[in-house]
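A quick write-up on the structure given underneath.
Just so you know, residue 1 is the first one in the sequence shown, and it goes up from there.
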Amino acid sequence: MRLRPRLLAASLAALCALPATAVPPRETADQFAARVNATFAEHFEEGTSAAWLSQTYINDDTARIASLVSERGLGRLNALVEEARRFEGQPMSAASARTLALLKLSTAMPAPRDPARLRELATIATRLEQAYGAGQWCRGEGPAKVCQNIGQISQTLASNRDYEAQLEAWEGWHTISVPMRRDYVRFVELTNEGARAMGYADTGAMWRSGYDMPADAFAAETDRLWDQVRPLYEQLQCYTREKLVERYGRERGQVDGMIPAHLTGNLWQQDWSNLWELLQPYPKAAKLDVTSTLERQHRERVEKALAALKDPTPAQQAEAERQAAMETAIAMTRLAESFYTGLGMPALPESFYEKSQFLRPRDREVVCHASAWQMNPDASDVRMKMCIEPNETDLTTIYHELGHIYYYLAYKDQPLSFQTGAHDGFHEAIGDTIVLSMTPKYLQSVGLVGEAEVSREATINAQMRMALAKVAFMPFGLLIDRWRWGVFDGSIPPERYNSAWWELKAKYQGVAPATPRGEDFFDPGAKYHVPGNTPYTRYFLSHVLQFQFYKALCDAAGHTGPLHECSFAGNPEAGRRYWAMMQAGASQPWQKTLKELTGGERMDASAVLEYFAPLKAWLEEQNRGKACGWPAR
């Protein structure tokens with residue numbers, strides 16, 4: 001799955017550049033809560049604009065601006081949190097009590113009270129994020145120097161099945177994070193200081209406190225959900241490992257019963273979709289080749305643009321090809337938008353298409369990691385940041401990102417304190433619930449595939465394609481924060497950063513590096529969300545919630561039959577119920593919001609198992625007699 005960090009309205013960006021304000025005399029708790037929301041609204045745009053520029057124009061100037069704005073915002077947040085202490089135990093409305101409770105959880109980067117260390121934290125955070133965005137793997141020197149960015153390296157892993165070429169590309173990308181290590185150690189020290197000042201044991205404990213339940217109870221809840229889905233993942237891991245052994249031999253295709261990290265077609269082993277040609281259950285069954293359709297449509301646009309030119313210069317040809325790429329990216333986005341409007345949701349504002357980043361610019365470095373942005377309090381300016389290519393992966397990413405955009409539009413009338421997801425897993429699940437509804441029949445209806453074949457073989461193929469994105473991701477969705485929780489609480493000291501990372505990769509994913517990865521590396525930093533400081537358990541939770549949401553919406557649409565065959569595209573009742581859930585934002589505990597849509601107050605992975613029941617039975621049949629599992633489980 002292609003999962004991305006967000007700038008949600010209640011995040012750090014919304015708090016940036018808050019001015020110093022005098023404390024009104026005899027202010028009540030309700031008045032203070034209203035002042036917090038008014039201050040957020042007044043200074044929202046300066047923060048989001050600084051953050052947008054720092055990611056879409058990577059240079060020293062934008063880094064400096066982003067750091068300064070972040071520094072001021074963190075300082076003002078500290079001041080507001082300190083002010084809020086004087087209202088503890090005082091009478092106030094339920095809405096005000098929730099506003100004050102969410103206030104100190106509104107940033108993932110708690111800052112020290114000392115101004116010098118606060119400035120140091122803001123500078124380090126910006127430096128880490130921009131270092132990732134500008135990361136390249138370079139070989140050679142002088143005129144012979146050749147560099148590749150993350151997109152080019154990812155393409156090698158996606159399409160080149162040569163063992164050594166994949167290993168070289170994978171190791172090459174992981175060189176970009178080595179210089180981050182020292183900064184990250186200091187980053188942890190500074191955020192822990194800020195978390196303790198807010199009353200938490202460490203930053204990880206603060207993150208776990210943002211789920212309307214005790215921090216320890218939340219950790220246990222994620223363990224319970226993982227236990228539900230682990231048997232399915234273990235069957236998929238076993239099948240995949242054996243196919244790699246068939247391809248590369250016992251010496252290269254596995255490492256102590258685990259999958260070699262560089263052979264999954266993905267830099268982080270979070271999505272195995274690029275192994276489809278190796279793992280597809282029934283190669284002769286009908287194929288749903290969305291990528292070929294998108295590529296053909298793009299070629300037609302390029303040919304049309306070039307045909308309109310007479311004896312074009314190289315510059316004119318490049319510009320025509322660029323314009324065709326933009327038309328393709330916008331067409332893909334319009335298609336995704338049509339799913340949401342087909343449910344009765346509003347059209348995106350035209351400014352979305354005017355201000356979003358759809359392509360990698362030719363003249364500057366940017367963060368291509370896809371993300372959705374709310375730029376102002378009333379959500380009249382919403383944007384997406386991507387570097388879109390005409391393929392199925394990027395198409396489904398667009399459907400996912402628009403889920404965030406429509407969540408922004410749905411809760412825009414809430415006070416700013418409540419303009420975020422019921423919890424952060426909700427935000428990540430909105431668009432992916434839509435992706436689950438992109439069934440073969442839906443894809444056929446929008447002209448991306450031909451008539452869908454109905455057979456057991458076609459069903460298993462479709463389920464495998466989905467599992468390689470969804471099921472393969474789930475342990476990865478857990479381990480990043482398991483690593484950071486240990487880093488923040490000190491159980492993983494700096495001298496064990498890399499070894500602990502690979503221990504967790506082994507435990508949860510059954511994945512191992514093919515070559516030694518000592519402490520001279522900093523492999524966690526090669527994943528954006530670590531230098532970008534984006535909590536990651538939200539993505540695991542979203543993979544549970546999206547199936548819960550999907551089942552509830554299929555029920556609302558009156559679907560009968562196997563769950564995996566449901567598409568609620570165009571169903572007004574499903575759209576009405578989904579929109580109503582999104583409108584609540586964070587105004588009430590997530591358990592209540594979940595119950596209003598699904599009828600239950602507990603996150604539950606049973607819908608995941610129901611959806612993938614045909615595939616699980618098939619995998620068990622394929623794996624019968626094989627030595628599944630791995631020692632580090």
Side-chain angles (χ1 to χ4, degrees), residues 5 11-12 74 77-78 81 101-102 104-114 117-118 120-122 124-125 128 177 180-227 423-425 475-509 517 519 521-541 632-633:
S11 71
L12 170 62
L74 289 169
L77 174 60
N78 282 346
V81 170
L102 293 174
K104 61 183 180 179
L105 295 169
S106 58
T107 176
M109 191 170 72
R113 295 292 189 262
D114 178 77
R117 291 198 291 277
L118 186 152
E120 182 185 6
L121 174 62
I124 288 173
L128 284 168
S177 55
M180 300 177 188
R181 187 183 183 111
R182 183 176 179 182
D183 268 346
Y184 195 76
V185 172
R186 183 59 175 157
F187 177 87
V188 170
E189 294 171 351
L190 293 169
T191 59
N192 273 345
E193 181 180 338
R196 287 191 292 269
M198 289 186 180
Y200 300 99
D202 57 69
T203 304
M206 176 181 168
W207 289 2
R208 295 191 299 277
S209 299
Y211 293 91
D212 294 308
M213 62 172 63
D216 289 345
F218 173 71
E221 180 72 353
T222 59
D223 287 337
R224 180 186 66 81
L225 294 169
W226 171 236
D227 284 342
H423 67 51
D424 53 12
F476 184 79
L478 274 182
L479 73 88
I480 287 188
D481 280 354
R482 289 298 197 275
W483 180 81
R484 284 191 290 198
W485 294 351
V487 167
F488 287 131
D489 70 19
S491 61
I492 299 176
E495 60 269 21
R496 290 198 66 248
Y497 275 4
N498 223 49
S499 59
W501 173 257
W502 286 106
E503 288 167 9
L504 289 166
K505 294 278 285 183
K507 176 181 178 180
Y508 286 102
Q509 287 186 287
R517 305 296 295 179
E519 293 302 329
F521 296 105
F522 182 49
D523 293 333
K527 175 64 178 173
Y528 172 81
H529 301 74
V530 173
N533 194 49
T534 303
Y536 210 80
T537 305
R538 62 182 64 178
Y539 299 112
F540 170 75
L541 298 177
R633 285 187 303 173

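- Residues Phe476 and Lys505 meet the side-chain proximity criterion, which asks for heavy atoms closer than 4.5 Å.
- Counting heavy atoms from C-beta outward, Pro524 and Asn498 have side chains that approach closer than 4.5 Å.
- Here the straight-line distance linking atom CG of Leu121 with atom CG of Asp114 works out to 11.5 Å at 0.5 Å rounding.
- Across all non-hydrogen atoms, the minimal contact from Gly194 to Pro110 is C-CB, 3.7 Å.
- Between the CZ atom of Arg208 and the CZ atom of Phe488 there is a distance of 10.0 Å, given to the nearest 0.5 Å.
- Under the 4.5 Å side-chain criterion, counting only non-hydrogen atoms from C-beta, Tyr211 is not in contact with Thr222.
- Distance CG/Leu225 to CZ/Phe540: 5.0 Å, rounded to 0.5 Å.
- Smallest separation of non-hydrogen atoms from Asn533 and Ala108: ND2-O, 3.2 Å.
- The nearest pair of heavy atoms linking Pro112 to Asn78 is O-ND2, 3.1 Å.
- Under the ring pair (Phe, Tyr, Trp, His ring centres under 6.0 Å) criterion, Tyr200 pairs with no residue at all, not counting sequence neighbours.
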Exercise. Under the side chain to side chain contact (heavy atoms under 4.5 Å, CB included) criterion, do Trp485 and Thr537 qualify, and how do the steps go?
Worked result: CA-CA 11 Å; Trp485 294 351; Thr537 305; 3.8 Å; yes
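- With a 4.5 Å cut-off on side-chain heavy atoms, Arg113 and Met198 count as touching.
- Using a 4.0 Å cut-off between charged nitrogen and carboxylate oxygen, Arg484 and Asp481 count as a salt-bridge pair.
- In this structure, the side chains of Pro531 and Tyr184 stay at 4.5 Å or more apart for every pair of heavy atoms.
- Taking each heavy atom of Met109 and Ala125 in turn, the nearest pair found is SD-CB, 3.5 Å.
- Qualifying side-chain hydrogen bond (donor to acceptor under 3.5 Å, both in side chains) partners for Arg496, counting only residues two or more places apart in sequence or in other chains: Glu503.
- Two residues are said to be in side-chain contact when any heavy atoms from C-beta on lie closer than 4.5 Å; Lys104 and Met206 fail this criterion.
- The CG atom of Leu541 sits 12.5 Å away from the OH atom of Tyr536 when rounded to the nearest 0.5 Å.
- Atom CG of Asp216 is surrounded by 12 or fewer heavy atoms from other residues, nucleotides or ligands within 6.0 Å.
- Ion pairing of Arg117 with Glu120 is absent here, as no side-chain N (NZ or NE/NH1/NH2) approaches a carboxylate O to less than 4.0 Å.
- Proximity of the aromatic rings of Trp501 and Phe522 is defined here by a centroid distance below 6.0 angstrom, and this criterion is not met.
- Residues Ser177 and Ala526 approach most closely at CB-N, 3.5 Å, considering heavy atoms.
- In this structure the side chain of Ile480 never reaches within 4.5 angstrom of the side chain of Tyr539, judged on heavy atoms.
- Distance alone, capped at 3.5 Å, is enough to place a donor-acceptor pair between the Trp483 side chain and the Tyr497 backbone.
- Atom CZ of Arg182 has 12 or fewer heavy atoms from other residues, nucleotides or ligands within 6.0 Å.
- Partners of Asp523 under the salt bridge (charged side-chain N to carboxylate O under 4.0 Å, His left out) rule, at least two apart in sequence or in another chain, are Arg517.
- Between Pro494 and Arg181, the shortest heavy-atom distance links the atoms O-NH2, 2.5 Å.
- Rounding to the nearest 0.5 angstrom, the gap separating the OH atom in Tyr508 from the CG atom in Leu479 is 8.0 Å.
- At distances below 3.5 Å, not a single donor-acceptor pair connects side-chain atoms of Thr191 with backbone N or O atoms of Thr203.
- Residues His423 and Asp212 have side chains not in contact (no heavy-atom distance under 4.5 Å, counting atoms from C-beta outward).
- Asp202 places a side-chain N or O within donor-acceptor distance of the main-chain N or O of Ala205, the cut-off being under 3.5 Å.
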